Amino acid sequence: MKTIPTRWGVVVTVLTLATACGSGTAATTASAPPATRVTSCGLPLTIQAPPQRAVAMEQNAAEIMLTLGLAGHMAGTAYQTDPVLPELAQSYAQVPVLAEQYPGREALLAKKPDFVYSMRASAFAPEAAGSRQDLAKLGVPAYLSSNDCEDQSLIPATAEFEAIFKEIADIAAVFGVRERGQSVVADLRRRLEAAKRSAPANLDADIMWYYSGTKTPAIAGDTGLPGTITRLLGARNAFADVKQQWPEGNWEEIAARDPDVIVLADLTRGGDGDSAEAKKRFLREDPVASRLTAVKNDRFIVVPGSSVDPSIRAVTAVEQVGQGLAHLYSQKENS
């Protein structure tokens, strides 16, 4: 037996075949475990063994890994946008934070990663980690969520929960924890089915999802997760005819559509109109926005910003919006 150091310092063990003395037969050797193969946004990935130095390029990717119990397999994370889920805070604290936003290529490679995982294509921009194809040439497989492929023609027409569940199963398979992945997905399915029943029956409401910004607000079109959640809860997306995930709106057009309810994404990054309170303040003070039916009737539902994109938190968004609608419309019926 001999050991060979690879370029990242990982030791590969090579078994030498020996011939049994006088028997004329070769001694058997232990076979290596089969490689895991997944396809991510059109790029086939082959993972020979569970990664030991993975890097999650933003919080949502990190939270999926931590939910699967993979803190000990992580060499780093980055781009935290919200407080970490309480049940994951202790394990998140064990993982080195490489950058406030995305780490650059040199900072990433300095951690000697053997797997990179992101839910956003921007993580693989030239000014960030570099392309997944270039990382593959270095022997570093990189997984990207189907919700934000580099080639937009590969992005599904709508953001569906089945894609989130498949992604969790893919990551579980890569790290050799398939049973844990199945358990996580089964629990999310149970919660989703219950959440779908939480909104009032026969709901007659137009919902606007408001992500960020004030002068040119980012609102949800039909193809992202908010559109899917709205349909699951039996409501209508006020911008269902817009075939973009997060188009820039304008207040005159929003006033013309006059939503009944506004879902506010609560972001902690501190930009213009990021927090839920900043959004409420603007909506109540702006001459146009203050005349909206939802604003006049104080029909707001607040969800964490990280829950409005496909992630481990997505089912929580269904639960929170369903419960919020039940609260708002039971109040209406009782008034």
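Nothing here was measured: the structure is a model prediction, and the numbers come from that model.
Taking 4.0 Å as the cut-off between side-chain N and carboxylate O, Glu162 and Arg189 count as a salt-bridged pair. Salt-bridge annotation for Arg37 and Asp170: absent, with no side-chain N of the basic residue lying under 4.0 Å from a carboxylate O of the acidic one. A salt bridge links Arg236 with Asp204; the closest basic N to acidic carboxylate O contact falls under 4.0 Å. Between Asp241 and Arg257, at least one side-chain N (NZ, or NE/NH1/NH2) sits under 4.0 Å from a carboxylate O, which counts as a salt bridge. Remark: Arg231 engages Asp222 in a salt bridge, criterion side-chain N to carboxylate O under 4.0 Å.
Of the possible polar contacts, one joining the Thr268 side chain to the Thr81 backbone as a donor-acceptor pair under 3.5 Å is found. With hydrogens and angles disregarded, no donor-acceptor distance shorter than 3.5 Å links the side chain of Gln245 to the backbone of Gly221. Remark: the backbone N or O of Leu264 is not paired with any side-chain donor or acceptor of Lys279 at under 3.5 angstrom. For Asp134 (side chain) and Gly130 (main-chain N/O), no donor-acceptor pair under 3.5 Å exists by modelled atom type. Under the 3.5 Å distance criterion, the side-chain polar atoms of Arg105 are matched with a main-chain donor or acceptor of Ala129. A distance-only check finds no donor-acceptor pair linking the side chain of Gln320 to the backbone of Ile301 [under 3.5 Å]. For Arg291 (side chain) and Pro287 (main-chain N/O), a donor-acceptor pair under 3.5 Å exists by modelled atom type. Remark: side-chain polar atoms of Asp258 are paired, donor with acceptor, to backbone N or O of Thr293 under 3.5 angstrom. Remark: the backbone N or O of Ala218 is not paired with any side-chain donor or acceptor of Ser212 at under 3.5 angstrom. Judged purely by atom type and a 3.5 angstrom limit, Arg299 has no side-chain atom pairing as donor or acceptor with the backbone of Val295.
Separation of atoms CD1 (Ile312) and CD1 (Ile168) is listed at 4.0 Å; rounding is to 0.5 Å. How far CG of Asp298 is from CG of Leu328: 8.5 Å, rounded to the nearest 0.5 Å. Note that the CZ atom of Phe239 and the CD1 atom of Ile254 stand 5.0 Å from one another [nearest 0.5 Å]. Atom NZ of Lys243 sits about 8.0 Å away from atom OG1 of Thr223, to the nearest 0.5 Å. For the atom pair CE (Met65) and CD1 (Ile171), the distance works out to 7.0 Å, reported to the nearest 0.5 Å. Atoms CD and NE2, from Gln52 and His73 in turn, are 5.0 Å apart once rounded to the nearest 0.5 Å.
Side chain to side chain, Ser118 and Tyr143 fail the donor-acceptor criterion of an N or O pair below 3.5 Å. A donor atom on one side chain and an acceptor atom on the other are found under 3.5 Å apart for Arg313 and Ser306. Side chain to side chain, Asp266 and Ser275 fail the donor-acceptor criterion of an N or O pair below 3.5 Å. There is no side-chain donor-acceptor pair under 3.5 Å between Asn237 and Thr230. Residues Tyr117 and Glu167 have side chains that bring a donor and an acceptor to within less than 3.5 angstrom of each other. There is a side-chain donor-acceptor pair under 3.5 Å between Ser40 and Arg132. Residues Arg120 and Ser145 have side chains that never bring a donor and an acceptor to within less than 3.5 angstrom of each other. With 3.5 Å as the limit, one finds no donor-acceptor pair spanning the side chains of Glu63 and Ser311.
Checked against Trp246 for a ring-ring contact (aromatic ring centres under 6.0 Å, His included), the options Trp209, Tyr210, Tyr211 give a single hit: Tyr211.
Within a 6.0 Å radius of CZ in Arg191, more than 12 heavy atoms belonging to other residues, nucleotides or ligands are found. Few gaps surround CD on Gln133; more than 12 heavy atoms of other groups in view lie less than 6.0 Å from it. Atom CD of Glu127 has more than 12 neighbouring heavy atoms from other residues, nucleotides or ligands inside a 6.0 Å radius. Residue Glu179 places its CD atom among 12 or fewer non-hydrogen atoms of other residues, nucleotides or ligands, all under 6.0 Å distant.
For the pair Leu135 and Phe124, the minimum side-chain heavy-atom distance is below 4.5 Å.
A continuous path of Ile, Leu, Val, Met, Phe, Trp and Tyr side chains, each step under 4.5 Å between heavy atoms, connects Met208 with Val302, placing both in one hydrophobic cluster.
When all heavy atoms of Leu233 and Gly322 are compared, the pair lying nearest together is CD1-N, 3.7 Å.
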